[in-house]
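Data first, discussion second: the structure below is written as structure tokens.
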Amino acid sequence: ISWAQIELGLDCAIDIIHRFLGGHKIVPAVPRTSLYRKIEYIRKWAKTIPEPTFRNAVPALLDEIETAAETRHDLIHGIIIKQEEGTGEAEMVRVIHSATKPVDKKYYKVTTVQILRAAVDAGKLGGRSLQMGTGIQDLIPLLTEILKKPDASIIEISRARRYPRLFSI
């Protein structure tokens, strides 16, 4: 699946947030490995953005990434326990690590069509994730300008400076 593109967008966003947009005030060290820590970091930061369209679009995208992550985990970490040749379907199981149980198992069926759909969906999410990262990069000069003109709104300045990526993730 095209998951690396999703992670690249998150990592790009995190680097920019941490270095230039106050992310170091959220946590002192950049989250690098856990998808869920990365998402939580970006969620916390997005709440600090005064512009509502962008502030609300970021968590919506992160929700979609979390949902897709569950499918990715099933496909990557699951094992086939039953498959009949030529059906395009398999029964799988994956171990779920839990704080309350030593080991839990998730049983599910998957088809080749579902796998291909998940790959296409991940590709689309990856594009949006990268768009988020570049949109956040656009915030650097935008916030600099806002600090010079505190009475101007982010939307007015953004549209005047042509930052459509901020509002289209």
Side-chain angles (χ1 to χ4, degrees), residues 1-80 92-106 108 110 114-147 154 158 163-169:
I1 300 181
S2 311
W3 197 261
Q5 194 175 14
I6 294 171
E7 293 272 355
L8 180 61
L10 294 174
D11 291 341
C12 175
I14 288 168
D15 284 343
I16 294 164
I17 290 166
H18 204 77
R19 292 178 63 209
F20 301 106
L21 300 174
H24 61 282
K25 295 174 186 173
I26 296 169
V27 294
V30 175
R32 290 282 180 216
T33 56
S34 168
L35 174 69
Y36 297 104
R37 280 194 289 268
K38 291 176 185 182
I39 287 174
E40 185 58 29
Y41 176 86
I42 295 171
R43 274 189 207 286
K44 286 179 182 177
W45 173 80
K47 290 177 185 176
T48 69
I49 299 300
E51 197 287 309
T53 305
F54 187 73
R55 184 184 61 234
N56 297 333
V58 169
L61 174 61
L62 297 174
D63 288 344
E64 289 181 56
I65 291 172
E66 280 184 318
T67 300
E70 185 67 22
T71 302
R72 176 201 176 270
H73 292 324
D74 286 347
L75 297 175
I76 300 299
H77 301 292
I79 59 169
I80 296 173
M92 297 182 74
V93 65
R94 138 169 112 89
V95 173
I96 308 286
H97 300 283
S98 166
T100 57
K101 297 179 183 178
V103 174
D104 202 3
K105 296 177 200 164
K106 177 181 178 182
Y108 51 96
V110 67
Q114 290 170 320
I115 293 168
L116 292 172
R117 189 175 299 128
V120 169
D121 291 347
K124 289 177 184 176
L125 271 177
R128 290 174 57 212
S129 178
L130 286 169
Q131 194 170 18
M132 175 185 63
T134 56
I136 289 172
Q137 184 175 5
D138 288 344
L139 283 176
I140 298 168
L142 182 63
L143 289 176
T144 302
E145 191 165 334
I146 288 168
L147 293 173
I154 290 178
S158 176
Y163 292 122
R165 293 182 293 196
L166 288 173
F167 306 102
S168 62
I169 59 172

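Shown here for V27 and P31, the closest heavy-atom pair between the two residues is CG2-CD, 4.4 Å. For the residue pair R55 and A46, the shortest heavy atom distance occurs at CG-O, 3.0 Å. Of all the heavy atoms in M92 and D74, the pair that sits closest is CE-O, 3.9 Å. Across all their heavy atoms, H24 and Y41 have their closest contact at N-OH, 4.2 Å. The minimum heavy-atom distance between W3 and A122, with the atom names listed, is CE3-CB, 4.5 Å. Nearest heavy-atom pair across G9 and S129 is CA-OG, 3.3 Å.
Note that CD1 of I136 and CG of D15 are 11.0 Å apart. Values are rounded to the nearest 0.5 Å. Considering CD1 of I6 and CE of M132, their distance stands at 10.5 Å, rounded to 0.5 Å. Atom CD of residue E40 and atom OG of residue S34 lie 10.5 Å apart, to the nearest 0.5 angstrom. Rounding to the nearest 0.5 Å places CZ of R117 at 11.0 Å from OG1 of T71. Atoms CG and CG, on L125 and L130 in that order, are 11.0 Å from each other to the nearest 0.5 Å. In this structure, CZ on R37 lies 12.0 Å from CD1 on I39, to the nearest 0.5 angstrom.
Contact of the T48 side chain with the L21 side chain is not registered, since no non-hydrogen atoms from C-beta on lie closer than 4.5 Å. Taking the side chain as every heavy atom from C-beta outward, E64 and R128 approach each other to under 4.5 Å. Using a 4.5 Å heavy-atom cutoff, the side chains of D63 and E66 are in contact. The closest side-chain heavy-atom distance from L62 to I42 is below 4.5 Å. In this structure the side chain of I14 reaches within 4.5 angstrom of the side chain of K38, judged on heavy atoms.
Ion pairing between a basic and an acidic side chain is recognised when a charged N comes within 4.0 Å of a carboxylate O; R94 and E70 show such pairing. Residues D121 and R72 are not paired through a salt bridge, judged by the lack of any N-O separation under 4.0 Å between the basic side chain and the carboxylate.
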Run the side chain to side chain contact (heavy atoms under 4.5 Å, CB included) check on H77 and V95 step by step: do they pass?
-> CA-CA 8 Å; H77 301 292; V95 173; over 6 Å; no
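The environment of R19 atom CZ is sparse: at most 12 non-hydrogen atoms of other residues, nucleotides or ligands sit within 6.0 angstrom. Residue K25 qualifies as open at atom NZ: its count of foreign heavy atoms under 6.0 Å is 12 or below.
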